[in-house]
Amino acid sequence: MPELPEVETVMRGLTPVMLNNKVSKVKLYRKDLRVPFPKNMEGRLAKRSILSLTRRAKYILVNFEGGVVLAIHLGMSGKVTIISSGERYDIQKHDHLVMTLEDGSRIIYNDPRRFGMIFMFDESELETHAAFKHLGPEPLGNKFSAPYLMRALKNKKTSIKQALLDQRVVVGVGNIYACEALYQAKINPEKQASTIKGGKVEELVSVIRDVLARAIKAGGSTLKDYRHADGELGYFQHNFTVYDRKGLACKDCNCNIEKTGGIQRIVQGGRSTFYCPRQQK
DNA sequence: AGTGTCGCCTGAATGC
DNA sequence: TGCATTCAGGCGACAC
């Protein structure tokens with residue numbers, strides 16, 4: 001399930017292949033994902049150099065000449081595979097789009113659950129487009145600071161866990177990294193968001209940055225291995241401290257898990273939350 | 001306006 | 001064994 005670090009890793013993996021290249025062909029295997037594919041993608045992208053790849057929240061942005069931007073969201077199960085020029089590739093189940101570049105390399109978008117999105121917009125709409133206008137600050141950027149987060153949480157009646165998943169508060173933090181950050185900051189996920197104050201907010205900002213930056217680093221270090229293996233980008237081994245570890249011991253406890261039950265799983269807003277009640281009060 | 005719930009979708013895991 | 005059910009979750013739509 002791609003969150004910000006995985007999306008960043010896929011974007012970085014695509015960059016050397018796409019940069020300064022051009023699209024020569026786009027083949028679709030269905031008409032839509034969550035939203036319809038852009039009309040006449042091939043015609044609109046062809047003959048335009050790819051100037052850069054960037055990321056906003058969990059969207060990969062491919063920036064073409066002339067302000068044309070292609071946005072790719074991986075949803076829950078989206079995967080991107082790079083096939084080098086001349087390399088054999090047999091189309092797989094759930095491959096929905098194949099983009100061929102002028103140098104003959106191909107980019108495959110595969111997404112079993114089809115929660116992903118691919119759409120186009122003009123660079124002038126980066127702030128105003130429906131997909132972006134409600135987005136909060138980038139967690140690794142300067143706008144995401146303790147004073148900012150304090151203000152954002154001030155009147156929030158909801159839990160801190162659900163507040164962190166709210167893209168208006170901060171983007172890119174999904175279920176896994178919200179759990180991990182709250183564990184690292186020793187904050188109980190059920191605490192009402194507005195009650196987190198002062199030093200705790202500073203700590204939260206710092207651990208969110210730290211958790212994401214470390215995951216990006218882990219992703220970057222695996223990139224070339226994935227390229228060598230099969231061209232698939234962006235999924236790498238994580239070592240989570242609480243996520244999906246119900247009943248196991250947490251790293252900072254030496255409690256008897258027979259008695260304490262170890263890491264707990266609760267449901268908040270229909271999502272699983274994993275936490276240690278002894279570390280996170 | 002802020003908050004909570006639902007539906008989208010498929011495959012893996014679980015239940016009977 | 002095989003069929004049915006449950007669960008996972010990012011995000012938009014919708015209700016209150």
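Below, all heavy atoms of this structure are taken into account, side chains as well, without hydrogens, waters or symmetry copies. Just so we're on the same page: letters track the sequence lines, and every chain starts at 1.
To the nearest angstrom, P of C/dG12 lies 11 Å from CZ of A/Arg168. Atom pair A/Leu165:CG and C/dG10:C1' shows a separation of 10 Å (rounding to whole Å applied). Across the protein-nucleic acid pair, A/His129 atom NE2 and C/dG12 atom C1' stand 13 Å apart, rounded to whole Å. Atom-to-atom, CD of A/Gln167 to P of C/dA13 comes out at 11 Å; the value is rounded to the nearest Å. Protein atom CZ of A/Arg34 is 9 Å distant from nucleotide atom P of C/dC11, rounded to whole Å.
Here A/Arg265 lies in heavy-atom contact (under 4.0 Å) with sugar-phosphate atoms only.
Here the two rings, on A/Phe119 and A/His73, have centers that are 6.0 Å apart or farther. Annotation: A/Tyr59 is in aromatic contact with A/Phe132 [ring centroid separation under 6.0 Å]. Between A/His96 and A/Tyr29, a ring centre-to-centre spacing not shorter than 6.0 Å is recorded.
Between A/Ala130 and A/Asn175, the residue anchored nearer the 5' end of DNA chain C, judged by the nucleotide with its closest heavy atom, is A/Asn175.
Contacts with DNA chain B (heavy atom under 4.0 Å) in residues 110-123 of chain A: A/Pro112, A/Arg113, A/Arg114, A/Phe115, listed by number.
When each of A/Arg265, A/Glu190, A/Lys161 is checked for a side-chain hydrogen bond (donor to acceptor under 3.5 Å, both in side chains) with A/Thr273, only A/Lys161 meets the rule.
The two residues A/Phe144 and A/Arg209 make their nearest non-hydrogen contact at O-NH2, 2.6 Å. Looking at every heavy atom in both residues, A/Pro139 comes nearest to A/Val171 through CD-O, 3.1 Å. In this structure, A/Arg113 and A/Ser77 approach most closely via the heavy-atom pair N-OG, 3.0 Å. Pairing each heavy atom of A/Thr158 with each of A/Gln162, the nearest pair is OG1-CB, 3.5 Å.
Note on the helix from B/dG2-C/dC16 to B/dC16-C/dG2: angle between the axes of the first and last five pairs equals 60°, rounded to 10 degrees.
First and last contacts of DNA chain B with chain A, using any nucleotide atom under 4.0 Å from a protein heavy atom and ordered 5' to 3', fall at B/dT3 to B/dG11.
Checking the phosphate oxygens (OP1, OP2) of C/dG9, a side-chain nitrogen or oxygen of A/Tyr243 falls inside 4.0 Å. Contact between the side-chain N/O atoms of A/His73 and the OP1/OP2 oxygens of C/dG10 is not found at any separation under 4.0 Å. Listed pair A/Ser77 / C/dG9 fails the phosphate criterion, with no side-chain N or O lying under 4.0 Å from OP1 or OP2.
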For salt bridge (charged side-chain N to carboxylate O under 4.0 Å, His left out), just list the numbers for A/Asp32 and A/Arg30, CA-CA rounded to whole Å, side-chain angles, deciding distance to a tenth of an Å, and then say yes or no.
CA-CA 6 Å; A/Asp32 59 9; A/Arg30 56 178 296 119; 2.9 Å; yes
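No more than 12 heavy atoms of other residues, nucleotides or ligands lie within 6.0 Å of CD in A/Glu127, so this atom counts as exposed by the packing criterion.
Salt bridge status for A/Arg55 with A/Glu138: present, with a side-chain N to carboxylate O gap under 4.0 Å.
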